[in-house]
Structure formats: structure tokens, C-alpha cells
Amino acid sequence: MFAAERRQLILEMVRANGAVSLRELARVVQTSEVTVRRDVRALEAEGLLDRRHGGAVLPGGFTRDSGIPQKSHLATAEKTAIADLAAGLVEEGEAIVVGAGTTTQELARRLARVPGLTVVTNSLLVAQALAHANRVEVVMTGGTLRGSNYALVGSGAEQSLQGLRVSRAFLSGSGLTAERGLSTSNMLSASVDRALVQAAAEVVVLADHTKLGSDTMFQTVPTDLITRLVTDEPPGHDDRAATELQALADQGVQIAVAGSGSGTTTAESLPHGRQQGRRDMPLPGQRRTPGSGPGGPGPQQLRSAAVVAEQGDRARVADLRRR
């Protein structure tokens with residue numbers, strides 16, 4: 001087992017149990033306690049765990065990640081609305097990359113009707129959602145399966161992305177802050193996400209309001225590399241999410257806010273590019289172009305809209321904080 005894989009396994013054991021003895025760690029990773037102690041010392045130096053006498057514990061201040069079965073029941077309406085809006089950014093004949101996650105899985109379901117689309121992914125769930133889309137070509141990375149999120153990770157996944165170039169990457173994660181950008185709690189997943197970012201001309205982050213202001217262990221996309229954020233409108237009492245939206249907009253991230261009320265209509269029931277029944281916020285730095293309908297802008301409007309004044313952008317996000 002390589003040192004990186006061994007240390008990742010140590011981290012996962014500590015996250016799952018809260019505290020693990022060196023003896024137990026050595027037994028699971030099948031190495032000596034001396035080697036495990038050296039690994040624990042290295043992980044502590046990176047701030048990923050804390051050493052204790054005879055073992056290791058999880059440090060405070062970070063959000064724990066949960067698996068797909070748990071995540072699939074969280075913020076389902078919000079994820080649906082985000083996927084509806086994000087699907088409008090994709091045009092016929094494009095080549096894109098889509099990362100792992102429950103929100104990106106929802107997006108994939110809506111991309112099944114985009115003709116001529118090529119989707120590169122390391123997610124088994126994304127590939128499954130597109131498996132029967134006869135007009136969409138799915139390209140999967142190599143790698144080792146990480147069962148908790150049904151994603152391919154490791155050096156095989158990263159090497160398969162070398163030399164790739166696509167128009168944009170759609171990524172999700174465990175947390176998003178203006179200070180660190182997008183982050184996740186898994187070292188190997190973060191490394192693959194960074195490789196996906198390197199392959200794309202633009203990066204679109206899909207994150208519901210519960211992710212805003214949350215920080216996790218491994219940075220995947222720094223804020224200055226995020227082109228757009230597609231999110232839902234935070235509740236009026238959620239000052240943390242509204243504050244992060246303002247801070248992200250101040251750093252130049254274009255923000256689109258999708259409605260998640262009962263009137264939301266999924267993209268699958270409408271022709272591509274004509275999603276309606278949701279309340280959209282134009283991206284900061286955009287105007288609605290003439291002729292855009294009440295259901296919100298289509299892909300061309302999202303790309304070609306003119307720049308609005310910075311003052312108007314800040315007022316729009318500040319309005320979310322007041323509500």
C-alpha cells in the first residue's frame with residue numbers, strides 16, 4: 001500500500017470512529033506501529049488529525065462528510081432546483097466533465113436529453129444516470145472505487161484525465177467558503193476533483209445553501225478558479241449563507257440562485273433550454289437580454305448577457321440577507 005493510500009485509510013478510520021489506537025491502525029493497514037506512528041505524525045503536521053497517547057483522534061473545527069445514502073435525503077428540493085438551472089448552461093455538442101455527488105447526479109439526469117453531449121466523469125452514479133441516453137457519450141476515468149460516494153479515485157483516475165480539455169466542469173463538494181473555495185473531507189476525492197478542474201476552461205460549482213459557510217479538510221477548487229456558483233436561495237434566518245454569497249460575489253464569482261418551491265418544474269418535462277416554473281436570479285455581472293421569457297434565461301442568455309454595475313450585484317445578494 002502506498003503511503004498516500006495508507007494515510008487516507010487512517011483518516012477514514014479516525015473519522016468513522018472518532019479515536020483509534022495505533023495498534024488497531026497498524027492491524028488494518030497491515031504495517032508496523034512504527035510506520036503508523038510516522039503516518040499519524042505527518043497527518044498531524046498537516047492539521048488533519050490530533051495525536052493522543054497510543055492513538056489518533058479527529059481534530060475539531062471541521063465538518064464531517066457523510067456517504068451517498070445519507071446525503072441523498074438532504075436538501076432534495078434544493079438540489080433538484082439547482083440541477084434544473086445548471087442544466088440550462090449546457091448546449092448541444094459540448095464536452096464537459098461532471099464530478100461525483102448527489103447534486104451532480106441530479107444534473108446528469110437532466111443532461112440525458114442534450115444531443116451530441118460528451119460527459120467525462122469519475123462518478124458511477126453520473127454514468128448510471130446517462131447510461132440509456134443514446135445521444136450522450138459517457139467517458140469514464142480509470143481508478144479505484146471509493147464505495148462511500150460511488151466514485152473512482154486514485155492515480156488511475158488522475159492519469160486518465162491528463163491531456164483532456166473540455167468547456168466546463170460541474171463539481172460539488174462538502175463545503176464552500178469565500179476564503180478557501182470548494183472543499184471535501186476525502187484526500188483522494190479532492191485530488192481527482194483538482195484534476196477535473198485542470199481539464200476545464202470554466203468551473204461551475206453546484207452547492208445548496210447548507211454547504212455555504214461550511215469548511216472541510218481538503219481544498220478542491222480555490223475561489224479564484226470558480227467561474228459560477230449555482231445554488232438555492234437561503235432561508236431568511238440563514239445569515240451565514242447570505243454572508244458567504246456576498247463574499248463570493250465580491251470576489252468575482254458569478255452567482256445563480258434557483259427557486260426550490262413547490263412550483264419548480266424539472267427539466268426532464270420540458271424541452272432543453274426551456275426550463276420554467278422556477279424563480280431565477282441572474283448571475284452577478286449579467287442582464288437579462290431582450291426576449292428572455294418569464295421562466296428565466298436560456299443558455300445563450302447566460303453566456304452573452306452584458307455586465308451590470310457592481311453596486312447592483314451587491315444589493316441583490318444583500319436583499320437575500322434581509323429576507
State which residue, out of Thr102, Asp232, Thr103, Asp208, fulfils the side-chain hydrogen bond (donor to acceptor under 3.5 Å, both in side chains) condition with Lys79.
Thr102

Is the side chain of Ser160 donor-acceptor paired with the backbone N or O of Thr141 at a distance under 3.5 Å, no angle test?
no

Quick one: closest heavy-atom pair of Ser172 and Ala100, and the distance?
CB-O, 4.3 Å

Do Thr223 and Val253 come close enough that some side-chain heavy atom pair is under 4.5 Å?
yes

CD/Glu179: more than 12 non-hydrogen atoms of other groups inside 6.0 Å
no

Close side-chain approach of Leu188 to Thr144, heavy-atom, < 4.5 Å
no

Going by atom types alone, do Ser191 and Glu158 pair a side-chain donor with an acceptor below 3.5 Å?
yes

Run the side chain to side chain contact (heavy atoms under 4.5 Å, CB included) test on Leu111 and Leu130 for me, step by step, so that the C-alpha distance in whole Å, both residues' side-chain angles and the decisive distance to 0.1 Å come before the verdict.
CA-CA 8 Å; Leu111 298 180; Leu130 295 168; 4.2 Å; yes

Apply side chain to side chain donor-acceptor pair (under 3.5 Å) to Thr216 and Ser185, showing your working.
CA-CA 5 Å; Thr216 50; Ser185 63; 6.0 Å; no

Side chain to side chain contact (heavy atoms under 4.5 Å, CB included) between Gln246 and Asp250, worked out
CA-CA 6 Å; Gln246 178 67 70; Asp250 288 344; 2.9 Å; yes

Minimum heavy-atom distance between Val136 and Ala112, given as atom pair plus value:
CG2-O, 3.8 Å

Less than 4.5 Å apart, any side-chain heavy atom of Leu245 and any of Leu212?
yes

First locate atom CZ of Arg7, then atom CG of Leu43, and finally report the distance between them rounded to the nearest 0.5 Å.
6.0 Å

Any non-hydrogen side-chain atom of Val221 less than 4.5 Å from a side-chain atom of Leu176?
no

I want to check something: taking the side chain as every heavy atom from C-beta on, are Val40 and Val14 in contact at a cut-off of under 4.5 Å?
no

Considering non-hydrogen atoms only, spot the tightest contact between Val257 and Leu85 and give its length.
C-CD2, 4.1 Å

Can you see which heavy atom on Ala86 is nearest to which on Leu206, and at what distance?
CB-CD2, 3.6 Å

Got a salt bridge between Glu106 and Arg110, using NZ or NE/NH1/NH2 to carboxylate O under 4.0 Å?
yes

Is the backbone of Asp239 close enough, under 3.5 Å, to the side chain of Thr243 for a donor and an acceptor to pair up by distance?
yes

Audit row: Thr177, Ser214, side chain to side chain contact (heavy atoms under 4.5 Å, CB included) steps and yes/no
CA-CA 6 Å; Thr177 66; Ser214 295; 5.9 Å; no

Residues Arg194 and Thr220: closest non-hydrogen pair is CG-O, 3.2 Å

List the steps, then state whether salt bridge (charged side-chain N to carboxylate O under 4.0 Å, His left out) holds for Arg146 with Glu12.
CA-CA 11 Å; Arg146 181 174 178 245; Glu12 291 182 348; 3.6 Å; yes

Under a 4.5 Å cut-off applied to non-hydrogen side-chain atoms, are Arg6 and Thr31 in contact?
yes

Separation between CZ of Arg51 and CZ of Arg37, rounded to the nearest 0.5 Å
9.0 Å

Check the pair Leu196 / Leu161 against side chain to side chain contact (heavy atoms under 4.5 Å, CB included), numbers first and verdict last.
CA-CA 7 Å; Leu196 292 173; Leu161 293 166; 3.6 Å; yes

Under a 3.5 Å distance rule, please check whether Glu202 uses its side chain to pair with a backbone N or O of Ala169 as donor and acceptor.
no

Calculate, to the nearest 0.5 Å, the distance between atoms CD and OG belonging to Gln105 and Ser123 respectively.
7.0 Å

Does the side chain of Val205 reach to within under 4.5 Å of the side chain of Phe170, using non-hydrogen atoms?
no

Is the number of heavy atoms from other residues, nucleotides or ligands under 6.0 Å of Gln128 CD greater than 12?
no

What I'd like to find out is whether the side chain of Asp215 reaches to under 4.5 Å of the side chain of Arg180, using heavy atoms alone.
yes

Verify whether one side chain among Glu94 and Ser167 offers a donor that lies under 3.5 Å from an acceptor in the other.
yes

Between CZ of Arg228 and CG of Leu89, what distance do you get to the nearest 0.5 Å?
5.5 Å

Pair Glu24 + Arg27, salt bridge at N-O below 4.0 Å:
yes

Quick one: pull up CG in Leu25 and CG in Leu11 and give me the separation to the nearest 0.5 Å.
10.0 Å

Minimum-distance pair of heavy atoms, taken over all atoms of Ala258 and Ile82:
CB-N, 4.1 Å

Can you tell me how far apart CG (Leu152) and OG1 (Thr121) are? Round to the nearest 0.5 Å.
8.5 Å

Donor-acceptor pair, Thr104 side chain versus Gly99 backbone, under 3.5 Å?
yes

